[in-house]
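Let me begin by presenting the structure, written as structure tokens, before commenting on it.
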Amino acid sequence: MINITLPDGSVRQYDNGITAMQIALSISEGLARNVLAAEVDGQVWDASRPIEKDSSVKLLTWNDTQGKSTFWHSSAHLMAEALEALYPGTKFGIGPAIETGFYYDVDFGDREFSSDEFKAIEDKMIELAKTKEEFIRKPVSKADAIAYFTEKGDEYKLDLIKDLPDGAITFYTQGNFTDLCRGPHIPNTGFVKAVKLMSVAGAYWRGDESRKQLTRIYGVTFPKASELTEYLHLLEEAKKRDHRKLGKELELFAFSEKVGMGLPLWLPKGAALRERLVNFLQKAQARAGYEQVVTPHIGHKNLYVTSGHYEKYGADSFQPIKTPQEGEEFFLKPMNCPHHCEIYKTKPRSYKDLPVRLAEFGTVYRYEQSGELHGLTRVRGFTQDDAHLFCRPDQVKEEFMKVIDLVLYVFKALGFDDYIAQVSLRDPENKAKYIGSDENWALAEAAIQEAAAEKGLKTVVELGEAAFYGPKLDFMVKDALGRKWQLGTIQVDYNLPERFELEYTGSDNMKHRPVMIHRAPFGSLERFVAVLIEHCAGNFPLWLSPEQFIILPISEKYEDYAKKLSDELKDSDICGLIDFRDEKIGRKIRDAEVKKIPYMLIVGEKEAEENKVSVRKHGQGDLGSMSIEEFKKQIITEITV
Ligand SMILES: [Zn+2]
Ligand SMILES: [Zn+2]
């Protein structure tokens with residue numbers, strides 16, 4: 001008999017050689033139907049593989065990341081089986097699971113392949129899945145493995161086997177298809193109920209441009225047909241909300257190759273939106289005791305040598321800016337922190353002065369590979385809503401609580417209500433690789449966790465995920481489509497105070513090092529605006545809308561009345577515009593809807609006579625007619641956050 005420890009800590013006894021599937025069956029049949037694989041002593045295994053010693057076992061289903069990736073990797077085998085059946089002689093490279101779905105790199109020889117053939121492959125996959133072929137694992141010797149793929153004539157598998165040690169090679173077979181693979185796999189192909197091939201691309205064998213280009217086929221599969229439908233719907237919705245598309249349609253930002261890739265140009269409406277975000281946070285920060293500072297876009301090489309950024313960003317980053325002065329070099333700043341350390345040092349600080357909170361909307365530059373650039377989410381120049389808090393070790397918890405308040409205030413005002421906090425701590429097994437005293441680390445780690453608990457945050461703790469210079473708390477936000485984004489971050493730093501020799505005089509009259517906390521509720525304005533656009537599909541909260549109203553005169557006759565209204569609203573800090581075009585009112589309404597302008601004010605004869613406006617709200621329709629005073633009151637209540 002062997003002892004199996006389950007995740008809830010309970011221990012059960014089973015015959016030696018029991019499989020995870022049999023364990024699942026002994027618990028409940030319903031569970032067994034959903035088991036895709038198992039984690040045995042921390043390793044992912046086939047649910048059908050015999051367990052031969054005392055072990056900790058976690059059953060994996062579709063709800064586990066590793067369950068899903070086992071499902072998708074097995075689907076890559078299923079697709080390969082279908083391809084081999086449909087196109088005999090196809091050779092296979094590698095077929096891993098990816099974040100959503102899987103791909104397989106294949107060599108069709110001289111055959112042209114296009115996505116027109118997807119349907120036939122999908123049908124074949126479903127046909128094979130219905131026969132519930134088992135995935136059978138078989139250890140093989142290196143010689144046998146080579147013999148098998150030599151016979152089959154698959155040079156890619158032979159190339160892979162070359163690097164594998166004898167004794168560690170396994171084959172997996174389902175139906176008529178055998179693959180070189182270390183596994184694990186789902187019990188049988190019958191778990192796959194829905195298939196969609198997504199796209200086809202070229203991929204060099206082993207990523208080497210001097211080698212053959214294979215055909216990469218991407219696909220995704222699900223254990224329920226309804227999940228595929230939902231997934232495709234979500235993709236469609238994500239496409240509609242793509243911030244690159246909406247950014248163009250709503251005239252928020254643009255890119256120009258002449259200016260440079262990855263360097264966003266904020267158009268007037270985008271700049272107005274950005275300005276509002278900045279004002280909003282600046283006001284909140286002023287209330288929370290932050291002081292605004294301004295620092296230059298470049299810094300002397302010595303600054304970054306001191307901070308360590310030169311070593312980190314130096315070679316791969318932008319090149320130095322030379323001056324007529326022999327040997328003098330400047331760099332575009334990759335971070336604001338070093339500049340802020342120098343500001344801290346401009347005068348002596350006492351324990352009574354702390355915390356010092358220095359804030360800056362600081363623009364930084366980092367060289368991202370051109371292939372990595374993506375709309376506003378991956379750019380080469382961006383503005384962080386940065387601040388650095390310099391405090392005493394005993395103030396870390398209180399400062400964290402205050403920053404959490406600020407981040408939650410931001411989320412609430414912008415409609416993000418689904419988030420968790422990820423707390424990243426030291427790897428307790430490997431304390432030597434972190435800078436800073438044991439005592440300070442223990443203090444800060446406890447402080448962060450207590451602060452998160454007292455603020456009632458939903459938290460996950462990740463051991464070993466802390467930076468070498470300090471623990472941190474990141475906010476992971478779910479958007480309206482359920483996609484996860486990392487937004488605000490709060491990070492303790494023991495490194496920079498050391499490197500810059502920052503000090504304060506303690507109550508003991510001795511010199512001490514302050515703790516530095518980096519924090520950015522938005523992260524960067526660029527990335528935040530991108531996430532916000534996709535979250536609200538371009539329908540910004542009213543207070544943030546670059547244009548809050550548009551006045552639509554029914555004809556030229558009512559333009560004066562429209563102008564009078566517009567001036568009155570602008571006097572109350574409500575901004576918008578008038579549609580002076582010589583168009584039918586229906587057309588004007590439609591165009592305003594496309595631009596997602598929150599309020600449309602229609603004025604014609606009746607309105608002008610009664611000194612009123614007919615109000616339409618975007619996405620809601622007609623709100624009826626009201627006096628301009630009533631409208632102002634409504635809009636001001638809505639804008640106040
Ligand atoms: Zn495999
Ligand atoms: Zn920083």
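Counting starts at 1 for both ligands and their atoms, in listed order.
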If we only look closer than 2.8 Å, how many protein N, O or S atoms does the Zn ion (ligand 2) have near it? 3
Just checking, R527 and F382: is the charged tip under 6.0 Å from the six-membered ring centre and within 45° of the axis? no
Against the six-membered ring of Y103, is R216 placed for a cation-pi contact (under 6.0 Å from the centre, within 45° of the normal)? yes
Taking atom types as modelled, is there a side-chain donor on E81 or N176 under 3.5 Å from an acceptor on the other? no
With sequence neighbours excluded, what pairs up with K301 under the side-chain contact (heavy atoms from CB on, under 4.5 Å) test? V305, Y310, E329, F331
Going by ring-ring contact (aromatic ring centres under 6.0 Å, His included), name the residues that satisfy it together with H77, two or more places apart in sequence or in a different chain. H73, H185
Note, the Zn ion (ligand 1) has protein N, O or S atoms under 2.8 Å numbering 4
Are side-chain N/O atoms of Q292 and E360 paired as donor and acceptor at under 3.5 Å? no
Testing the 3.5 Å rule here: is there a donor-acceptor pair between the side chains of Y172 and D46? yes
Separation of L496 CG from S307 OG (nearest 0.5 Å): 6.5 Å
Is it true that D493 and H518 share a donor-acceptor pair across their side chains at a distance under 3.5 Å? yes
